[in-house]
Amino acid sequence: MRQKLVAGNWKMNGSRASIKGLLDGIKKGIGDVVDSEVAVCPPACYLGEVESQLSGSPIAWGAQNLSTEASGAFTGEIAASMLNDFNCKYVLVGHSERRSLYGEEDATVAKKFAVARAAGLKPVLCIGETLQEREQGVTNEVVARQISAVVALEGIAALAAGVIAYEPVWAIGTGKTASPAQAQEVHAFIRKLLADQDAAVAEKVQILYGGSMNAANAAELLAQPDIDGGLIGGAALKAEDFLTICRAAG
Ligand code: PGA
């Protein structure tokens, strides 16, 4: 059985004060979450505060992005070693906002996956189709292409060191969740795609769903056989909503 993972992606939201309140709330309720792992991904500048508030708790933390480079003249970038310095466990790579707003292509995302893995971080590889791609009927081709960029660079076994998050772009931040059946269909496709190359990897890798998952719809999504957790944006900014999703995961 794969353990479920519920990760909050706070995106560019919060302040020192709001983050303290949010983490206090999550810590209070986390005892009810027995079997699943919970993680939060704050803006990088708050990683130190998050680390000091969560050390010793069962909640893990991670970053939303990292540089492909190790160090040097890369203004504004953050290296994997810096994330390790703050004891991050996870780092998102290739979130659709990075892909669409900051021009990250499959090859860059694959490199970030490789750099994170080499540093001992667990990369969360975000993939998913746009509305136009879904309407064109090419969802499977898109997610296969996004995964194969990592496999081409790193080999199939590398995927087992990370997590995959399937996030249909049309569902992110829109309130339009994929139906449990729609999500399960793509998750099963991804699992099969991996299984055709390495059955053990397919069995092991957690595939999260992301895109308007909330307190009301989480239980049904998380009950699907190939949905191993959630990557939560908006609903991760309210402790009670986030905890409801974590409890639904088990
Ligand atoms: P959302 O974001 O839950 O607000 O749709 C999810 C994500 O982008 O990771």
Side-chain angles (χ1 to χ4, degrees), residues 4-14 18-19 22 26 36-44 46-47 50 59-66 88-104 109 112-113 116 121-131 133-134 139 142-143 146-147 162-180 182-184 186-187 190 206-222 224 227-249:
K4 286 203 166 47
L5 167 65
V6 179
N9 171 13
W10 293 353
K11 309 193 179 187
M12 197 172 71
N13 293 296
S18 73
I19 284 171
L22 179 54
I26 297 172
S36 303
E37 188 179 17
V38 173
V40 295
C41 298
Y46 296 123
L47 280 169
V50 169
I59 306 161
W61 57 94
Q64 299 173 11
N65 185 26
L66 83 168
C88 288
K89 179 169 180 184
Y90 294 99
V91 60
L92 309 184
V93 298
H95 188 278
S96 74
E97 286 147 22
R98 300 295 321 166
R99 292 178 190 261
S100 68
L101 302 173
Y102 300 98
E104 286 189 15
V109 174
K112 290 187 174 193
F113 187 100
L121 295 156
K122 263 182 172 274
V124 180
L125 174 66
C126 302
I127 59 173
E129 81 288 2
T130 62
L131 181 59
E133 288 163 339
R134 176 158 282 261
T139 297
V142 170
V143 298
Q146 291 169 330
I147 291 173
V163 174
I164 293 175
Y166 168 60
E167 301 200 295
V169 179
W170 48 271
I172 294 179
T174 58
K176 274 191 226 148
T177 324
S179 69
Q182 271 176 327
Q184 167 58 26
V186 181
H187 282 236
I190 296 167
Q206 292 159 309
I207 308 176
L208 315 184
Y209 169 80
S212 298
M213 194 190 273
N214 59 37
N217 62 27
E220 223 192 326
L221 285 159
L222 292 167
Q224 303 302 311
I227 299 186
D228 306 314
L231 183 55
I232 320 298
L237 297 171
K238 292 194 194 123
E240 257 329 299
D241 288 2
F242 187 61
L243 283 167
T244 302
I245 298 169
C246 297
R247 287 186 202 107

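These numbers come from a predicted model, not from an experiment. Atoms within each ligand, like the ligands themselves, are counted from 1 in listed order.
- Under the 3.5 Å distance criterion, the side-chain polar atoms of Tyr209 are left unmatched by any main-chain donor or acceptor of Pro168.
- Scanning all protein heavy atoms for the shortest distance to atom 9 (O) of ligand 1 gives Glu167 OE2, 2.6 Å.
- The Gly211 neighbourhood of ligand 1 comprises atoms 5 (O), with distances under 4.0 Å to a heavy atom of that residue.
- Using a 4.0 Å cut-off between heavy atoms, Ile172 contacts ligand 1 through both its backbone and its side chain.
- No heavy atom of Ala235 sits closer than 4.0 Å to any atom of ligand 1.
- A distance-only check finds a donor-acceptor pair linking the side chain of Lys112 to the backbone of Leu66 [under 3.5 Å].
- In terms of polar-atom proximity, Glu97 is not counted as a contact of ligand 1, lacking any N or O under 3.5 Å from an N or O of the ligand.
- Using a 4.0 Å cutoff on heavy atoms, Ser96 does not count as a contact of ligand 1.
- Within the model, atoms NE2 of His187 and CD1 of Ile207 stand 6.5 Å from one another, a figure rounded to the nearest 0.5 Å.
- Judged by distance alone, the side chain of Arg99 and the main-chain N or O of Gly94 form a donor-acceptor pair under 3.5 Å.
- For the pair Gly210 and ligand 1, no heavy-atom separation below 4.0 Å is found.
- Heavy-atom contacts of Leu231 reach the following atoms of ligand 1: 6 (C), 9 (O) (cutoff under 4.0 Å).
- Every atom of ligand 1 with a heavy atom of Ala171 under 4.0 Å away is listed here by number and element: 5 (O).
- Of the charged side-chain nitrogens involved, at least one lies within less than 4.0 Å of a carboxylate oxygen, so that Glu104 and Arg98 count as a salt-bridged pair.
- Interface atoms of ligand 1 facing His95, defined by a heavy-atom separation under 4.0 Å, are 7 (C), 8 (O), 9 (O).
- Residues in residues 211-220 take part in these side chain to side chain donor-acceptor pair (under 3.5 Å) pairs, two or more places apart or across chains: Thr177-Asn217, Asn214-Asn217.
- Applying the salt bridge (Lys or Arg N to Asp or Glu O under 4.0 Å) test to residues at least two apart or on different chains, the pairs with a partner in residues 230-244 are Glu240-Arg247.
- Gly234 N, 2.9 Å is the protein heavy atom nearest to atom 4 (O) of ligand 1.
- The shortest N or O to N or O distance between Gly233 and ligand 1 is below 3.5 Å.
- Remark: ligand 1 and Gly173 share an N or O pair separated by less than 3.5 Å (distance only, no angle test).
- In this structure, a donor-acceptor pair under 3.5 Å is present between the side chains of Glu129 and Trp170.
- When atom types are taken as modelled, the side chain of Ser18 and the backbone of Gly14 share no donor-acceptor pair closer than 3.5 angstrom.
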